[in-house]
Student: 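One structure, pasted below without further comment.
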Amino acid sequence: MAELGSFALLLALALSVYSFLAGLAALIYQKPAAQPAGRAHTPPEDIGFAALLRRGSERLAETSRRAGVASFGAVLLASIILVICAFQDDFSIAYIFHHSNRDLPGPYKFAVLWSGQEGSLLFWSLLLTGYAFVLRLRYKTDPRLFAYASVVLAGVQIFFLSLLNFAAHPFAIMQGNIPADGNGLNPLLQYPEMVIHPPMLYLGYVGFTVPFAFALGALIMKYPGEKWIHITRRWTMVTWGLLTCGIFLGAHWAYSVLGWGGYWGWDPVENASLMPWLTGTAFLHSVMMQEKRGMLKVWNMWLVFATFWLAILGTFLTRSGIISSVHAFAQSSIGDWFAWFLVITFGVFLFFFIKNRKSLESEHKLESLASRESSFLFNNLLFVLLCFTVLWGTWFPKISELVQGNKVTVGAPFYNRVAIPVALLLLVLTAIGPLLAWRKTSLESLKRNFLWPTVGAIIVAILLMATPESWGSIFGLKPWRDISYFYSLMAISLSVLVILTVASEFYRGGKVISNHTGQGMFASMVQLTHRNTRRYGGYIVHFGAVVVIIGLAGAAFNQDQEKEMGYGDKMSIGPYTLLCRSYTEDESPNYFSQWAMIDVFKHGKPIGSMTPVRRFYKASQQTSTIPDIRSTLNEDLYLVFEGVNQDNGHPIIKAHLNPLVMWIWMGVWIMLIGTGLALIPNAQVAVRVPATTRLERAQPAPVATGD
Amino acid sequence: MTWLFVAALLTVATLFYVFYIPGRLFLGPEKTRVGYLRERKDAVYENLRDLNFEYQAGKVPDSDYQQMKSSLQDEAAAILAEIARLEPRNGS
């Protein structure tokens, strides 16, 4: 089996190299495109090998496309073989020996595919060739543009498949005797969400290669117009949705497994996933300016590139061991491969950008600061500022080591100092942006649209401050006591402002449709959303994002307690009283476990019992905690089995009280629903524009040709 | 040695798929300036549609609406004028 897997990988590399070289030759020697009217064209001299290539360029391009399609089949075969080997406990393969064991449950054996360095690179290649497979099958949308994008993707495929074949081979054979059992999967990864978190994250990471491939293709061919943006819009939204899902699944996994009571620790690997998400989010906004007004073409091109580049940089961070992280892969030589790939991609992009930048000239200029364009622009600047902060914080330990000789670690306070004010400003823009008109907005319009949402937000802020503290959670908020309380109050009030502006958008739009059709308001709002799914789906994403922000704002009120608890011992936290009823040990084929049964009382009334667990995995000889979490809309009660007092055997229990955490997970669901809605095609609406009546006095359009 | 047989079979099947291309290829239409202008026209029409809707929703005051509508109509007219100028030549 291992031999066939190795062969499949080699075949995939050969097909990718052919797809790249044949595609490149076909594009270089393609038959000249029809020239724009009024331009003379001198045919090239039609002799020799070049002429042969020119005559057969279309067939050559087709073989390139087909080789790319076939490469997916080869990588898929290699991946299937690796999974089969995991299920067959084939410990002759080093990768299976290091990441699996006989008693590992079935779903985790499947997850072995992405749980180690070599396997995850194979999985990355599978997703990359899978995306490229879909792209290459849909080539009829625009064969020339797709041919360019296909060549770019083939170039990226070559890199990853070369890594697999020559530097991190997943089918490498064990030296010496074949072991009877494997080392087992990392205990932290033996959790249901870990089966889906990496695929989601990778789908997001890898997916951004597609918009980048189209962008670079459009730049190289000086593609006239914005059609490439239309083509990539769905790709970008799907990818963004998957990355969002991956990031928050990771946060939920960290919360549910790592046992420190938090969901985000500004770890370099977490940051690696956040950076492309930030630039990708900026791109999803700024791209609208290019579509609507033909503006920010250069900016968008760089944003797409930065998003792709940061996704690769993130992979470099996790693979090279250059930066310490709780969940980075071991240090290995493949870091050099990634470093070179980053340099080469930057060089290629920069070369074509300098060569063809004139094709990216804007068609309009910013007319007013009070316009939707400027709100998008500021939104972009803030996202990029945030991304740069995260990038700087992630690399600072390494930079300080190189400059000063000692590694200075950067913790949460550094990131929070920038991220929180920037997030608040982004909330302001999220509230303002949809209410501003394109081009410019008058003072009268501003007053008309902002008055009631602002009044609503101020009322909520006053209510939060005026309510008694005994209500718990975020009530009785006194912003003057601590800066974190002030930030929480601002975050919640601005979130309410966003919710009210989103609601007013739905209400006003629904009212127009209701007036025209006589339908009820709800039916009108549904129709409104269907008429412009991207816009109203986007508003739902905004709504989800502010629900997440409200959840994050709750972190200012987190509490925790730790206590050794024998039979009948009590501990209090917030309105809860915890009583230790019993504690014991257990054994399963895969692990030993210790657990405590804690009865929980709220305001003195029993509400149930909780069982935090600590496991010791036999194969890997590692320990892991499984916290028990009781979630409500108001707060999470989070219990961790920290350890055991060796003298008396009593468990040490740590209790966290984390307000509003459930809002984070609800908000993510809303964001994903909004993304899904935005992907639905718009309902067709007839348009009648009397512009033709002005034909006689019109001048030729001041629009770029792109060439 | 089964794997060698499977590998040989895979190679032959792949080569056949990649290089055996019967029939005519789909090349798609060439992108011209007129095609590009039509895309721009659609974008401007969409902007007009959005503006009309926002006006009806009461988001845009009358004076702003008239000014922005006029500006967008001028832009659409300019594009239509260039399409009209180029189309007879492209169509011939």
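In what follows, chains carry the letters A, B, and so on, assigned in the order in which the sequence lines appear, proteins first and then strands, with residues in each chain numbered from 1.
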Student: Checking heavy atoms, do the side chain of A:Tyr507, its backbone, both or neither come under 4.5 Å from chain B?
Tutor: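 For A:Tyr507, neither part sits under 4.5 Å from chain B.
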Student: Quick one: which residues of residues 13-20 of chain A reach chain B at under 4.5 angstrom, heavy atoms only?
Tutor: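 Only A:Leu15, A:Tyr18 of residues 13-20 of chain A have a heavy atom under 4.5 Å from chain B.
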Student: At a 4.5 Å cut-off on heavy atoms, which part of B:Glu54 comes close to chain A: side chain, backbone, both, or neither?
Tutor: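 The side chain, not the backbone.
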Student: Carefully, step by step, assess B:Asn52 and B:Lys69 under the rule side-chain contact (heavy atoms from CB on, under 4.5 Å).
Tutor: CA-CA 8 Å; B:Asn52 280 331; B:Lys69 189 172 97 169; 4.2 Å; yes
Student: Does A:Phe506, at its CZ atom, have more than 12 non-hydrogen atoms belonging to other residues, nucleotides or ligands within less than 6.0 Å?
Tutor: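 Yes, because the 6.0 Å sphere around CZ of A:Phe506 holds more than 12 heavy atoms from other groups.
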Student: Run the side-chain contact (heavy atoms from CB on, under 4.5 Å) check on B:Arg33 and B:Glu82 step by step: do they pass?
Tutor: CA-CA 10 Å; B:Arg33 169 122 182 119; B:Glu82 193 177 349; 2.7 Å; yes
Student: Does any heavy atom of chain B fall under 4.5 Å from the side chain of A:His230, the backbone, both, or neither of them?
Tutor: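 It is neither, since no heavy atom gets under 4.5 Å.
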Student: May I ask you to say whether A:Glu62 pairs ionically with A:Arg59, meaning some side-chain N is under 4.0 Å from a carboxylate O?
Tutor: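 So A:Glu62 does not pair with A:Arg59 through a salt bridge.
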Student: So for A:Leu145, is it side chain, backbone, both, or neither that comes closer than 4.5 Å to the heavy atoms of chain B?
Tutor: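 Neither the backbone nor the side chain of A:Leu145 comes within 4.5 Å of chain B.
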Student: Indicate whether the side chain of A:Tyr539 and that of A:Arg535 have a donor and an acceptor atom separated by less than 3.5 Å.
Tutor: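 A:Arg535 and A:Tyr539 do have a side-chain donor-acceptor pair below 3.5 Å.
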Student: Which residue out of A:Val512, A:Leu77, A:Leu435, A:Thr141 racks up the most heavy-atom pairs below 4.5 Å with chain B?
Tutor: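 The answer is A:Val512.
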Student: Measuring heavy-atom distances to chain B, does A:Lys511 have an atom under 4.5 Å in its side chain, in its backbone, in both, or in neither?
Tutor: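 Neither; nothing under 4.5 Å.
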Student: Can you tell whether the side chains of A:Glu291 and A:Arg534 come within less than 4.0 Å, N to carboxylate O?
Tutor: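 Looking at A:Arg534 together with A:Glu291, the answer is yes, because their closest N to O distance falls below 4.0 Å.
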Student: Hey, does the Lys NZ or Arg CZ of B:Lys41 hover above the aromatic six-ring of B:Tyr45, less than 6.0 Å from the centre and inside 45° of the axis?
Tutor: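 That pair qualifies as a cation-pi contact.
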Student: Looking at A:Leu11, A:Val69, A:Asn532, which one has more heavy-atom pairs under 4.5 Å with chain B than the rest?
Tutor: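 Among the listed options, the one with the most contacts to chain B is A:Val69.
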Student: Assess whether side-chain contact (heavy atoms from CB on, under 4.5 Å) is satisfied between A:Met289 and A:Arg372, documenting all intermediate values.
Tutor: CA-CA 9 Å; A:Met289 282 175 73; A:Arg372 196 172 296 177; over 6 Å; no
Student: Name the option with the most non-hydrogen atom pairs under 4.5 Å to chain A; the candidates are B:Asp50, B:Val44, B:Leu51, B:Val60.
Tutor: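 Heavy-atom pairs under 4.5 Å are most numerous for B:Asp50.
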Student: Heavy atoms only, distances under 4.5 angstrom: which of A:Asn515, A:Ile513, A:Leu4, A:Asp142 has the most pairs with chain B? Name it, please.
Tutor: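 Of A:Asn515, A:Ile513, A:Leu4, A:Asp142, A:Leu4 has the most heavy-atom pairs under 4.5 Å with chain B.
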Student: Given the rule in the side-chain contact (heavy atoms from CB on, under 4.5 Å) test, do B:Tyr55 and B:Asp64 qualify, once you have shown the distances and angles that lead to the verdict?
Tutor: CA-CA 9 Å; B:Tyr55 174 63; B:Asp64 288 5; over 6 Å; no
Student: What part of A:Leu446 lies closer than 4.5 angstrom to a heavy atom of chain B: side chain, backbone, both or neither?
Tutor: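 Nothing of A:Leu446, per the 4.5 Å heavy-atom cut-off to chain B.
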Student: So, A:Arg136 versus A:Ser150: side-chain donor-acceptor pair below 3.5 Å or not?
Tutor: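 A donor-acceptor contact under 3.5 Å links the two side chains.
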Student: Under a 4.0 Å N-O cut-off, is there an ion pair linking B:Glu75 with B:Arg40?
Tutor: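 B:Arg40 and B:Glu75: salt-bridged.
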